[in-house]
Amino acid sequence: MTTELLPNHNSQTTVPFDTHKAEVFADSLVATLNAGGLSLMLSIGHRTRLFDVMADLPPATSQQIADAANLQERYVREWLNALTVGRIVEYQPSDQTYFLPAEHAAFLTRAAKADNIAVFFQHVSGLGVIEDEIIHCFVNGGGVPYAKFPRFHAVMAEDSGQTIVNALEELILPAVPGLIERLTAGISVLDVGCGRGRAIAKLAQLFPASQFTGYDIGEDVIAFAQAQTRELANVQFLAQDATQITECDRYDLITTFDAIHDQARPDIVLRNIHRALRSDGVYLMQDIRASSRVDQNLDYPLAPFLYTMSCMHCMTVSLAAGGMGLGAMWGREKAIELLRAAGFQNIDRKELPHDPMNDYYVIRKG
């Protein structure tokens, strides 16, 4: 290890400069730069369905892959080369063929369902387009509203489809004792922050004896949800600001899926949920699995991504509405604090095996 004495501009003293540490850090920056590039390529691979196509192909040339995906060969070839040097796609120079190993396809294709990590790379390019607006907020304060984020609801609907919709029947509902039986018999259900409504629509199909309502502040996503569920008689979607919910003792089950932390006033929303829930009802809240303390998140593999998402989306959309700006990494300690302040006393936090990014809180009034 080589050390040099360099001035510490904060203390006007000298501190040892660890050359090896500097080199390791520089290497990590290069790796991060490469990973950033690959993030965009992974997003493109998902959106163009190239990963799905390649998973069903034997080793193939760029032209064969482009033809199978109905895409332009020159772009497909450059994309393939990026993933080849990124060690995601394998290449055979003797016949110039590319191949997606099954072990990689298991985490990059729609067939992988909840294991499909490729869907999340869409957030990287989605956040990049609002960088100028975020920098403006760094200087001037305020936030960036939902309307500035292209494709956000479309990406979240995909995320919900993998993590929530596909897991509802087998993993999520069984986490609440007796819930499936109650839904089968017929209860009243509200989903707050329903987005495009895929989760609530799936529940309405599974449990025709129950009545389902979805609230979201976005009129565009409510219109989308309504259009997709016209044939379901037991579901309705309404444009509703969650801070303005006034119902009392109305619902047997209230759900929020990844919806509380970016509310402008999560404290008010949770109080409204508490009031709207019947005395023997259940509130099921899915939210980010993390600590409220940054030092407790150092070994959390997803922490850098989630803090970035928080800074460039979840926190800023809340601040844009004059809100608390808690952000995605508000953490379980703050979540439990706000739940108790809202009146909830019985809080059971569960970690489900299919979803390493979120906790599932089973919450009752008393």
Side-chain angles (χ1 to χ4, degrees), residues 110-117 119-120 153 155-216 221 225 228-229 232 234-235 237 242 251-263 269-270 273 276-278 280-290 302 306 328 332 335-336 339 344 346-365:
R110 288 168 174 81
K113 296 184 179 179
D115 288 333
N116 181 16
I117 301 174
V119 66
F120 298 105
H153 286 294
V155 176
M156 289 306 298
E158 275 198 272
D159 179 2
S160 173
Q162 291 185 177
T163 308
I164 301 169
V165 178
N166 288 336
L168 273 171
E169 197 170 5
E170 294 184 5
L171 295 170
I172 297 175
L173 297 181
V176 185
L179 181 56
I180 291 177
E181 291 77 9
R182 294 186 69 188
L183 285 164
T184 301
I187 58 175
S188 181
V189 181
L190 171 65
D191 185 24
V192 178
C194 64
R196 291 188 171 186
R198 293 187 64 183
I200 207 77
K202 176 65 176 291
L203 288 172
Q205 293 171 335
L206 289 172
F207 304 103
S210 289
Q211 296 295 317
F212 299 88
T213 300
Y215 286 164
D216 199 283
V221 293
Q228 297 297 308
T229 56
L232 292 174
N234 63 330
V235 63
F237 292 97
Y251 299 101
D252 302 289
L253 171 67
I254 298 179
T255 59
T256 57
F257 295 112
D258 199 24
I260 294 298
H261 63 258
D262 55 1
Q263 296 287 327
V269 174
L270 290 173
I273 288 172
L277 193 66
R278 288 180 174 148
D280 62 345
V282 175
Y283 171 34
L284 176 62
M285 181 180 82
Q286 176 219 38
D287 220 294
I288 298 298
R289 181 184 303 176
L302 290 167
L306 290 170
R332 63 182 68 94
I336 292 172
L339 285 166
F344 293 107
N346 191 332
I347 304 168
D348 184 15
R349 184 180 65 87
K350 298 177 181 289
E351 298 181 5
L352 302 187
H354 79 290
D355 186 359
M357 194 178 295
N358 294 285
D359 285 330
Y360 291 77
Y361 297 79
V362 179
I363 308 157
R364 302 178 191 274
K365 278 193 170 182

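Bear in mind the structure is a predicted one, so any value in this text is a computation, not a measurement.
Counting heavy atoms from C-beta outward, V189 and Y251 have side chains that stay 4.5 Å or more apart. In this structure, the side chains of N346 and K365 stay at 4.5 Å or more apart for every pair of heavy atoms. Annotation: side chain of F257 is not in contact with side chain of S160 (no heavy-atom distance under 4.5 Å). Counting heavy atoms from C-beta on, the side chains of V362 and Y360 never come closer than 4.5 Å. At a threshold of 4.5 Å between non-hydrogen side-chain atoms, the residues I288 and D359 do not count as touching. Contact of the F237 side chain with the I200 side chain is registered, since non-hydrogen atoms from C-beta on lie closer than 4.5 Å. Within the 4.5 Å cutoff, no side-chain heavy atoms of I363 are placed close to those of L284. Two residues are said to be in side-chain contact when any heavy atoms from C-beta on lie closer than 4.5 Å; L277 and D252 fail this criterion.
From Q205, atom CD reaches atom CG of N234 across 9.0 Å, with rounding to the nearest 0.5 Å. Atoms CG and NZ, on L168 and K202 in that order, are 6.0 Å from each other to the nearest 0.5 Å. Note that the CZ atom of F120 and the CG atom of L302 stand 8.5 Å from one another [nearest 0.5 Å]. We find the CG-CE distance between N358 and M285 to be 10.0 Å, quoted to the nearest 0.5 Å. Considering CG of L339 and CD1 of I347, their distance stands at 4.5 Å, rounded to 0.5 Å. Atom-to-atom distance recorded for Y361:OH and I260:CD1 is 11.5 Å, nearest 0.5 angstrom.
Looking at D348 and K350, a side-chain N of the basic residue comes within less than 4.0 Å of a carboxylate O on the acidic one, giving a salt bridge.
Using modelled atom types and a 3.5 Å distance limit, the side chains of D191 and T255 yield a donor-acceptor pair. Looking at D258 and Q286, their side chains never bring a donor and an acceptor atom within 3.5 Å of each other.
Considering every non-hydrogen atom in both G186 and S210, the closest pair reads CA-OG, 3.4 Å. The two residues G214 and C194 come nearest to each other via the heavy atoms C-SG, 3.7 Å. Closest non-hydrogen pair, A175 versus P177, comes out as O-CD, 3.5 Å. Counting all heavy atoms, side chain and backbone alike, L173 lies closest to L179 at CD2-CD2, 3.8 Å. In terms of heavy-atom proximity, A167 sits nearest to T163 at CB-O, 3.6 Å. Of all heavy-atom pairs spanning R198 and A157, the tightest one is NH1-O, 3.1 Å.
With R289 contributing its side chain and D355 its backbone, the two residues share a donor-acceptor pair below 3.5 Å. Panel note: side chain T256, backbone V192; no donor-acceptor pair is recorded below 3.5 Å. Using a distance-only test at 3.5 Å, with no hydrogens or angles considered, no donor-acceptor pair links the side chain of H153 to the main chain of G195. Judged purely by atom type and a 3.5 angstrom limit, Q162 uses its side chain to pair as donor or acceptor with the backbone of N116.
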- [ ] Take L306 and M357, measure what side-chain contact (heavy atoms from CB on, under 4.5 Å) needs, and give me the verdict at the end.
- [x] CA-CA 9 Å; L306 290 170; M357 194 178 295; 3.9 Å; yes
TODO: Please report the C-alpha distance between L253 and F212 in whole Å, then the side-chain angles of each, then the deciding distance to 0.1 Å, and finally whether the side-chain contact (heavy atoms from CB on, under 4.5 Å) criterion is met.
DONE: CA-CA 9 Å; L253 171 67; F212 299 88; 6.0 Å; no
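The 12-atom threshold is exceeded at CD of E351, counting heavy atoms of other residues, nucleotides or ligands nearer than 6.0 Å. More than 12 heavy atoms of other shown residues, nucleotides or ligands fall within 6.0 angstrom of atom CD in E181.
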